[in-house]
There are 2 protein chains.
Amino acid sequence: MSHVGYSCLMAVDREHVLRSAAALLTRKSTATMDEVAKAAGISRATLHRQFAGRDALVRALESLGIAECEAALDAARLDEGAASDAVRRLVREVEPAAGLLAFLYTENQLFEGEEQHAGWERLDARISALFRRGQENGEFRIDLTPAWLTEALYGLIASGAWVVLTGKVARKDFPRMITELLLGGALRRDEPRREES
Amino acid sequence: MSHVGYSCLMAVDREHVLRSAAALLTRKSTATMDEVAKAAGISRATLHRQFAGRDALVRALESLGIAECEAALDAARLDEGAASDAVRRLVREVEPAAGLLAFLYTENQLFEGEEQHAGWERLDARISALFRRGQENGEFRIDLTPAWLTEALYGLIASGAWVVLTGKVARKDFPRMITELLLGGALRRDEPRREES
DNA sequence: TTCGAATGAGACATTCATGTCTCATGTGGG
DNA sequence: CCCACATGAGACATGAATGTCTCATTCGAA
């Protein structure tokens, strides 16, 4: 029995397959299992051995996306310092997962009645809490609900990922253009905004 | 030969079918031709007689969405008055088409290499021009490109339509929450913002 | 009333993605 | 060296959506 070889090889490949699938489905959300397999450099049979089906693959990608998102939330230390700075850190940390997030964001809208991954609610709760903290802080305006701000953040991340993918803007501008729009809006400010880090 | 009856009945039904399809696909973007037909109260055969196939239906919806969007742009009088007020008018006018727009927005990302409807470029150009005018005006900040502001507006409209559809926020708040976020951002302003109409 | 056109219902073939299976190959560990 | 196991290749069946067809019915206009 090859415990070592088994768990090692499987784990590595699974991770690699997942990454490839994420990269591909980010660009073409309707990609075939065949295309996914080819993109990962494996055969369709092997792909099916690792993920029972397309559903299982998407679920695994969902878990991956949620995990990366939660890791980003952790790294952003949402409850430290100014709420606006926390938002900046959050967007910066979540940027690598933006493409995957955009894919899952639109994919989730197809799930209709089916129960969705509980992880999303946790993420919603944490991000909403950040916006609420900023409101109680006096930093954020109170006439926009935390729920809307959270959803808008998702939408902007998806739009940002899409616009970077199509080459309309440079990847390096991703965090700035999202945070600046979300926090400051399009209107020009007379007072200079302060910066962090 | 019943010229009158023909053109009249066909036109009316086509419009009605298009509306029903838009309403359905807004909620369930993967709906079957069967479901579309049922939602319109006609048979699948008749649906196929009016639209050669699913492709043709989506193309027709695309044209409808673009037409409604351009009508909204016209009604908003983008080049009159303050640019920020024009944005407010635009969002208010485009609100009825938001669901359809959201559907088309995600649908367009699947078109990969295929050439897309030229109408989108026209819309992009007109909206970009509005933001550019606001920048040259001194109203809008210049460190966010018109292209990004345009794309962000699309994203926020889609997010807004989605969040209204799921009941997280009231439909009546749709225009305000989008314009306020897009223009003013989440940060609280010391100076009171002025209002229009 | 009668004729013609549009419709609805449904059968049918086709295409495509998916899921399952078998078998040959190759590789790594014992 | 040998064996177990993962893999790749491909055949095969399945299901779903689509597109096309026919035929009976209904509705409107002459």
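Every chain is numbered from 1, with letters handed out A, B, ... down the list of sequences.
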Practice item. Specify the separation, in whole Å, of atom NE2 of B/His48 and atom P of C/dA13. Key: 17 Å

Practice item. Would you tell me if any nitrogen or oxygen in the side chain of B/Ser43 comes within less than 4.0 Å of OP1 or OP2 on C/dA9? Key: no

Point to revise | Residues in side-chain contact (heavy atoms from CB on, under 4.5 Å) contact with A/Glu107, at least two apart in sequence or another chain | key: A/Val58, A/Phe103, A/Leu110

Check your understanding: To the nearest Å, how far apart are B/Phe51 CZ and D/dA17 P?
Key -> 21 Å

**Study point:** 5' precedence on DNA chain C between A/Thr32 and A/Ala45 (nearest-nucleotide basis)
**Key:** A/Thr32

Practice item. Using atom CG of B/Asp34 as one end and atom P of C/dG10 as the other, report the distance to the nearest whole Å. Key: 11 Å

Practice item. Round to the nearest Å and state the distance from B/Gln50 atom CD to C/dT7 atom P. Key: 6 Å

Exercise for review: Give a yes or no on whether B/Arg171 atom CZ has more than 12 heavy-atom contacts from other residues, nucleotides or ligands under 6.0 Å away.
Suggested key: no

Exercise for review: Could you check which of D/dG8, C/dA9, C/dT20 has an atom nearest any side-chain atom of B/Arg49?
Suggested key: C/dA9

Practice item. For B/Glu139 and B/Ser84, indicate whether the former's side chain and the latter's backbone hold a donor-acceptor pair under 3.5 Å. Key: yes

Review point. When rounded to the nearest 0.5 angstrom, what is the spacing between CH2 in A/Trp120 and CD in A/Glu62?
Key: 6.0 Å

Practice item. Would you mind reading off the distance between B/Asp55 atom CG and D/dA17 atom P, rounded to a whole angstrom? Key: 17 Å

**Study point:** Rounded distance in Å - CD1 (A/Ile42) to P (C/dG26)
**Key:** 19 Å

Point to revise | Shortest side-chain distance from A/Arg44, nucleotide among C/dG19, C/dA17, C/dT22 | key: C/dG19

Check your understanding: Roughly how many Å is it from CG in A/Leu57 to P in C/dA17, rounded to a whole number?
Key -> 16 Å

Practice item. Provide, to the nearest angstrom, the distance between the CE atom belonging to B/Met33 and the P atom belonging to D/dA16. Key: 18 Å

Review point. Which part of the nucleic acid, if any, lies within reach of B/Arg54 when heavy atoms closer than 4.0 Å are counted: base, sugar-phosphate only, or nothing?
Key: sugar-phosphate

